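Owing to the predicted nature of the structure, the values given are computational and were not obtained by experimental measurement.
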2 protein chains.
Amino acid sequence: MNSIETSITAADRTFIQLRNDIVEGRIEAGAKLSEVELSTRYDVSRAVVREAINRLESVRLIERKPNVGARVVTLTPQGLIELYQIRESLEGMAARLAATNMTDDEITALRELLKTHASELIDGQSYYQEAGDVDFHYRIVQGSKNQQLISLLLNGIYHLVRMYRVQLGMTGPRVTTALNEHEQIVNAITNRDPELAEILMRRHITYSKNTIEKRLNQY
Amino acid sequence: MNSIETSITAADRTFIQLRNDIVEGRIEAGAKLSEVELSTRYDVSRAVVREAINRLESVRLIERKPNVGARVVTLTPQGLIELYQIRESLEGMAARLAATNMTDDEITALRELLKTHASELIDGQSYYQEAGDVDFHYRIVQGSKNQQLISLLLNGIYHLVRMYRVQLGMTGPRVTTALNEHEQIVNAITNRDPELAEILMRRHITYSKNTIEKRLNQY
DNA sequence: ATAGGCTATATTGTCGACAATATCAGAGTT
DNA sequence: AACTCTGATATTGTCGACAATATAGCCTAT
């Protein structure tokens, strides 16, 4: 009866819904997650809500205290900086590995992606800023072919970063420069130059970090 | 009634027990984790076993398929290499940050630790190889003061590495050299030299990785 | 004899109820 | 008035039962 796709449980759905609601700010930072309230809201039993909450905890989107409950993690600017430090390190490595491990086809597809982004920029579709950047980084990470690394970033860190960014009110800054940086990185990968790819990716993320730090200091 | 420490639930205990049993090889790689069997073995309900299994999955010690069950992750040498690549990157960063962020007291304590290790080595207490190395790395990571990084390594990656090492039968190689490398790293941190600390730590882990790769190729 | 489908069985997913714990309000004491 | 103790209440932790799904074995048809 079920297709090739592995079946999906209520807990899976609830987990994803909850994650989106948190990451996109519909459930705000620091908010208490009441199991009964959520179970009525999503129309499932408390057991599946608990399972969803458990998974959210393991991604550090929420914090749990025994016998007290779970709260959405409270954001500190410092936390965002810490995440960008980690990204700098891990994604630098991802770019280096990608320069060796990506297939020619994957690289071609990546170049196509950048072209699309460039044309959209000209059209002024600024909402693609964010999505485009995310897309780009996803591909590089997957191009590393390091499964542990892929899981770490895609299932964990990226969601955290996205939440912090939404909640601190920083969406898509410095668009055109970033696109330029993307192109340089892809060039390095095309030339199968691991060291350069790593350096450029680290620099790219460092720039983002600096932008964020500046903005945070405005307060 | 409860002390300063936050209380511990049955799920916590079961999680830790299960994790130890897996990491130390008492439950072997690829083994099926039957919920009912475990619930009788640890004398708790299926619900708490499920919660424990959930947490184990998020650390990638086990893999779950919906409606089928959980199995201890099957080890591949490639996976261990991947983990060491990640360690190289993350712990290099940890060392760099530690050179800036560790307090003088923490550094002093770290030097003491190394002295202890050295004397134990002379006594031939080889069983400290492993524990000593782990101890050392723990301190550096915590010295980074990057909470995200600390959580990532201590709660996640280290347990995975330990499991792989146990199951692939590689415990404590190249002891004396490692101690020497530890000393160099601590020196760099003492001198508050972030760049050098990073380089040395990366090299230290690369050596370990090479040793492992050599051993794996013996098959 | 083999391939395909069906049934039986075992395992996981989900649920509602009960137990244990923390939190808050109020009474009483100094 | 402040402080502690006690009890009421709400929330989480744990449990056993039921529902849904997958798997293996058997049976049938070609």
Salt bridge (charged side-chain N to carboxylate O under 4.0 Å, His left out) pairs touching residues 90-107 of chain B, sequence neighbours excluded, are B:Arg87-B:Glu91, B:Arg96-B:Glu198, B:Asp104-B:Arg192, B:Glu106-B:Lys145

A:Glu82: what forms a salt bridge (charged side-chain N to carboxylate O under 4.0 Å, His left out) with it, not counting sequence neighbours? none

Apply ring pair (Phe, Tyr, Trp, His ring centres under 6.0 Å) to A:Phe136 and list each qualifying residue two or more places apart in sequence or on a separate chain. A:His182

Residue set satisfying side-chain contact (heavy atoms from CB on, under 4.5 Å) with A:Arg64, at least two apart, ordered chain then number -> A:Arg50, A:Ile53, A:Asn54, A:Glu57, A:Ala70, B:Glu51

With sequence neighbours excluded, give me every salt bridge (charged side-chain N to carboxylate O under 4.0 Å, His left out) pair touching residues 150-161 of chain A. none

The contact string for nucleotides 10-17 of chain C, one letter per nucleotide 5' to 3', using protein heavy atoms under 4.0 Å with B, S and - for base, sugar-phosphate only and none, comes out as -SBBBB-B

